[in-house]
Amino acid sequence: MDLILPFQIGDFAESKTFVEGFRGAWFRSKINDMRVTESGNLEYYLEYIDYTEEANEWVGVFQKNPFNPACQKRKSGAGSQIMLRPPFPKWYRGDQVPENFSKSELIASVHNTWKVGDSVEWLCEDCYWTAKVVRLISEDVVEVVLFEPPIGEGGPPHAANHKDLRPALDWSIIEGWTVPLSAVNGKCWYAARLIHPTDIEESTTDEEEAQENLRLTSTHKSSDHSQQGTRSSSKRQLPLSEVVGLQPPDTIKGTTAEPNRPSNETGARRYPLRVRKLVKNAQVQQK
């Protein structure tokens with residue numbers, strides 16, 4: 001089956017990397033070019049939106065995680081992963097959808113407060129780290145842990161402000177956006193609910209039909225209530241709720257963090273990914 005990627009030159013996307021120290025993080029990127037190598041691999045020429053010191057680079061669209069034991073042993077079950085996904089969907093708190101919502105977009109709705117076990121993505125170092133809520137510290141702060149290697153960087157818990165969290169979502173070429181399961185103490189749930197454009201269209205159609213039936217019923221009253229033309233919708237159009245805007249950072253924060261120890265502290269110079277990787281390799285050789 002042929003798979004068509006929804007990316008073109010000039011598109012914005014989110015990309016990930018298997019560079020140690022940044023596993024499990026998503027970076028806002030722009031696709032400036034594309035090519036197929038002599039070996040038949042598709043590559044995109046990416047610009048990192050929030051890492052202005054980082055040079056553009058060619059990135060293989062499909063890669064195997066070198067830290068995955070199955071890949072290291074060259075097992076057949078070690079499949080490649082897609083390294084890009086479309087820009088993150090808009091999302092809102094509560095179970096309410098804005099009335100003026102565009103019918104061409106997919107959105108996500110989450111409950112009003114985060115709870116222990118929720119799968120989230122945490123904004124730190126100008127990228128989003130896939131994590132899990134493990135403790136509620138206050139009304140505005142929770143404690144999260146990054147996914148363990150080879151998926152993420154692991155390490156100790158981190159304090160995360162609510163405004164820096166968004167629901168964790170997965171994306172694949174075949175299924176599109178999906179919500180991963182959240183779990184704790186044997187209980188499982190979805191921390192977010194996806195609302196597809198078709199859901200909005202069906203809801204609007206059902207509402208219009210109900211209003212039309214109600215108008216006809218009021219015009220042509222019948223003593224036999226069983227003949228009144230009304231139909232309730234299985235979906236409902238919800239009122240406007242508090243919108244949680246995930247606006248891109250207006251400025252580039254000068255921060256730096258050790259591998260597997262993200263930090264939101266400011267005041268230190270942040271070096272590009274390649275520089276940090278070279279420094280790390282030099283330290284390893286000295287040891």
Side-chain angles (χ1 to χ4, degrees), residues 6 11-14 16 24-29 49-50 84-124 126-134 136-144 159-172 175-184 187-208 210 232-250 264:
D11 284 352
F12 290 94
E14 290 189 345
K16 66 179 181 179
W26 288 98
F27 302 84
R28 294 196 311 145
S29 309
I49 304 301
D50 301 306
L84 281 86
R85 68 183 186 182
F88 199 84
K90 293 180 180 178
W91 64 280
Y92 304 85
R93 287 209 177 274
D95 297 326
Q96 299 176 334
V97 178
E99 295 177 354
N100 59 348
F101 169 70
S102 172
K103 297 179 181 179
S104 62
E105 296 181 86
L106 174 144
I107 65 172
S109 175
V110 300
H111 43 70
N112 289 319
T113 58
W114 300 111
K115 58 184 179 180
V116 173
D118 279 346
S119 295
V120 296
E121 293 180 5
W122 172 42
L123 177 61
C124 180
D126 295 325
C127 56
Y128 277 94
W129 303 78
T130 306
K132 180 178 180 180
V133 177
V134 293
L136 307 180
I137 298 178
S138 67
E139 292 184 358
D140 300 320
V141 180
V142 299
E143 198 171 66
V144 300
N161 196 295
H162 283 194
K163 66 180 179 64
D164 295 327
L165 298 177
R166 69 186 186 187
L169 296 179
D170 294 331
W171 185 85
S172 69
E175 298 182 356
W177 290 103
T178 57
V179 183
L181 272 177
S182 297
V184 68
K187 296 182 179 179
C188 300
W189 67 91
Y190 293 103
R193 178 173 64 94
L194 295 180
I195 302 175
H196 296 266
T198 53
D199 296 336
I200 302 297
E201 293 173 2
E202 291 176 4
S203 176
T204 302
T205 302
D206 290 341
E207 182 68 20
E208 291 174 351
S232 61
S233 170
S234 59
K235 299 182 176 65
R236 56 197 181 98
Q237 186 74 15
L238 300 170
L240 180 64
S241 65
E242 174 190 0
V243 177
V244 179
L246 288 179
Q247 300 297 333
D250 295 330
N264 274 327

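Sequence positions, counted from 1, serve as the residue numbers for this chain.
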Inset, instruction - Over all heavy atoms of both residues, which pair between V133 and V120 is shortest? Give the atoms and the distance, please. - result: CG2-CG1, 3.9 Å
Legend entry - A191 versus V179, closest heavy-atom pair with distance: N-CG1, 4.3 Å
Inset, instruction - Supply the atom-to-atom distance S138 OG to L136 CG, rounded to the nearest 0.5 angstrom. - result: 9.0 Å
Inset, instruction - Output all residues satisfying side chain to side chain donor-acceptor pair (under 3.5 Å) with E143, sequence neighbours left out; order by chain, then residue number. - result: R135
Inset, instruction - Check the angle between the aromatic planes of W114 and W91 and answer parallel, tilted or perpendicular using the 30° and 60° thresholds. - result: tilted
Legend entry - Contacts of S29 that satisfy side chain to side chain donor-acceptor pair (under 3.5 Å) - sequence neighbours left out: S15
Inset, instruction - Decide if the gap between the ring center of F88 and the ring center of W177 is smaller than 6.0 angstrom. - result: yes
Legend entry - Rounded distance (nearest 0.5 Å) linking atom CD of E14 with atom CD of E121: 7.0 Å
Legend entry - Minimum heavy-atom distance between H162 and E139, given as atom pair plus value: CE1-O, 2.9 Å
Legend entry - side chain to side chain donor-acceptor pair (under 3.5 Å) against K132, all qualifying residues, sequence neighbours excluded: none
Legend entry - Verdict with reasoning, I49 to F12, per side chain to side chain contact (heavy atoms under 4.5 Å, CB included): CA-CA 9 Å; I49 304 301; F12 290 94; 3.8 Å; yes
Inset, instruction - Say whether, by atom type as modelled, one donor and one acceptor occur between the side chain of S119 and the main chain of A168 under 3.5 angstrom. - result: no
Legend entry - Sub-4.5 Å side-chain heavy-atom contact between Y190 and L181: yes
Inset, instruction - Using the side chain to side chain contact (heavy atoms under 4.5 Å, CB included) rule, take Y92 and I107 through it: C-alpha gap first, then chi angles, then the decisive distance, then the call. - result: CA-CA 8 Å; Y92 304 85; I107 65 172; 3.8 Å; yes
Legend entry - Candidate pair T178 and L169, rule side chain to side chain contact (heavy atoms under 4.5 Å, CB included), full reasoning: CA-CA 6 Å; T178 57; L169 296 179; over 6 Å; no
Inset, instruction - Tell me whether the guanidinium CZ or amine NZ of R166 lies under 6.0 angstrom from the six-membered ring centre of Y128 and within 45° of its axis. - result: yes
Inset, instruction - Mind checking the NE2-CG spacing from H111 to D118? Nearest 0.5 Å is all I need. - result: 3.5 Å
Inset, instruction - Determine yes or no for a side-chain-to-main-chain donor-acceptor pair under 3.5 angstrom, with W26 supplying the side chain and W129 the backbone. - result: no
Legend entry - Straight-line distance of L165 CG to L123 CG, nearest 0.5 Å: 9.0 Å
Legend entry - Euclidean distance, L194 CG relative to L106 CG, rounded to 0.5 Å: 5.0 Å
Legend entry - Atom of W122, atom of A159 and distance for their closest heavy-atom approach: CZ2-O, 3.9 Å
Inset, instruction - Measure from the side-chain N and O atoms of R85 to the backbone N and O of D170, and report whether any donor-acceptor pair falls under 3.5 Å. - result: no
Inset, instruction - Could you grab the distance from atom OG1 of T113 to atom CG of D140, nearest 0.5 Å is fine? - result: 11.5 Å
